[in-house]
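Following: one structure in structure tokens, then a few remarks.
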Protein chains: 2
Amino acid sequence: MKNHLKVLRAENNWTQAELANQLRVSRQTVNALETGKFDPSLKLAFQIARLFRLGIEEVFQDEKP
Amino acid sequence: MKNHLKVLRAENNWTQAELANQLRVSRQTVNALETGKFDPSLKLAFQIARLFRLGIEEVFQDEKP
DNA sequence: TTATGAAGTCAAGTATACTTGACTAAATAT
DNA sequence: ATATTTAGTCAAGTATACTTGACTTCATAA
């Protein structure tokens, strides 16, 4: 699963900690998502898409569908 | 998180086992999703949306956004 | 009536998402 | 030169997604 989180965050000039606060997850979770350690839950994916006012498919893309 | 899985499956006249096979998950997982026991992973949500040729937001809806 | 298929559920186990706390390294500010 | 901020990472723990195997109940078929 690919995501554009790092780019979207950069566009908003947010630190990982600031993004984490808005999503109500830990800074380490944001870092792990950006560095591809794991994929978010569906719930968190919804929150992220909502925050950036995008569709889930715009933020996340299935690599091997 | 709400989902329309049961309706979508019914529209296709599939059993839970048949749907599970296509999604490559267990029958119990499909049942648990339909009966609201838990939400799918983002990966599985993508697979489900893909199978029914819908967007993720059309199949799943965040209850308390 | 008996058998079979489908849905629902439970227990116990494994895998993955997410947490807290701590530490390093690099960049930036003082 | 020193202090602070940010990103990245690790370990250990908790929460949730998903598995297998078994069992019950209901509906329909033989």
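It should be emphasised that the depicted structure is a prediction, and the values quoted were computed from it without experimental measurement.
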Q.
If you compare every side-chain N and O of B:Lys6 against the phosphate oxygens of C:dG8 (OP1, OP2), does one of them come in below 4.0 Å?
A. yes
Q) Could you give the CG-to-C1' distance, from B:Leu19 to C:dA6, as a whole number of Å? A) 14 Å
Q.
What is the separation between atom CZ on B:Phe38 and atom P on D:dT14, rounded to the nearest whole Å?
A. 22 Å
Q: Determine whether B:Leu33 and B:Leu44 make a side-chain contact, defined as any pair of heavy atoms from C-beta on separated by less than 4.5 Å.
A: yes
Q) Among the nucleotides C:dC18, C:dG8, D:dT6, which one has an atom lying closest to any side-chain atom of A:Thr15? A) D:dT6
Q | Atom pair CG/CG of B:Leu8 and B:Asn3 - distance to nearest 0.5 Å | A | 8.5 Å
Q) In whole angstrom, what separates A:Leu42's CG from C:dC18's C1'? A) 15 Å
Q. Between B:Ile48 (CD1) and D:dA17 (C1'), how many Å, whole number?
A. 12 Å
Q | Comparing A:Gln28 and B:Leu44 on DNA chain D - which has the more 5′ nearest nucleotide | A | A:Gln28
Q. Between B:Glu34 and A:Asp39, who's closer to the 5' end of DNA chain C by nearest nucleotide?
A. B:Glu34
Q: For A:Arg9 and D:dG8, give me the distance from atom CZ to atom C1', rounded to whole Å.
A: 11 Å
**Q.** Sub-4.5 Å side-chain heavy-atom contact between B:Ile48 and B:Phe60
**A.** yes
Q) For the pair made of CG in A:Asn31 and C1' in C:dT19, what is the distance, rounded to whole Å? A) 14 Å
Q) Within the pair B:Ser41 and D:dT16, is there a side-chain N or O less than 4.0 Å away from OP1 or OP2? A) no
Q) Given D:dT19, C:dT19, C:dC23, which nucleotide is nearest the side-chain atoms of A:Arg27? A) C:dC23
Q.
Hydrophobic cluster membership, with links at side-chain heavy-atom distances under 4.5 Å among I/L/V/M/F/W/Y: are A:Trp14 and A:Val7 in one?
A. no
**Q.** Closest listed nucleotide, where the reference is the side chain of B:Val25 and the choices are D:dT19, C:dA6, D:dG8
**A.** D:dT19
Q | Proximal nucleotide (of C:dG8, D:dA7, D:dT19) relative to the B:Ser26 side chain | A | D:dT19
Q.
Can you tell me which nucleotide in D:dG8, C:dT9, D:dA17 comes closest to the side chain of B:Lys37?
A. C:dT9
Q: Carefully, step by step, assess A:Arg9 and A:Glu34 under the rule salt bridge (charged side-chain N to carboxylate O under 4.0 Å, His left out).
A: CA-CA 10 Å; A:Arg9 179 175 62 83; A:Glu34 288 192 355; 2.5 Å; yes
Q. Expressed in angstrom and rounded to an integer, what is the separation of B:Gln16 atom CD from C:dA7 atom P?
A. 5 Å
Q: Return the value, rounded to whole Å, for the distance between atom CG of A:Leu23 and atom C1' of C:dT19.
A: 15 Å
Q. Taking the nucleotide of DNA chain C with the closest heavy atom to each, which residue, B:Trp14 or A:Val30, is nearer the 5' end?
A. B:Trp14
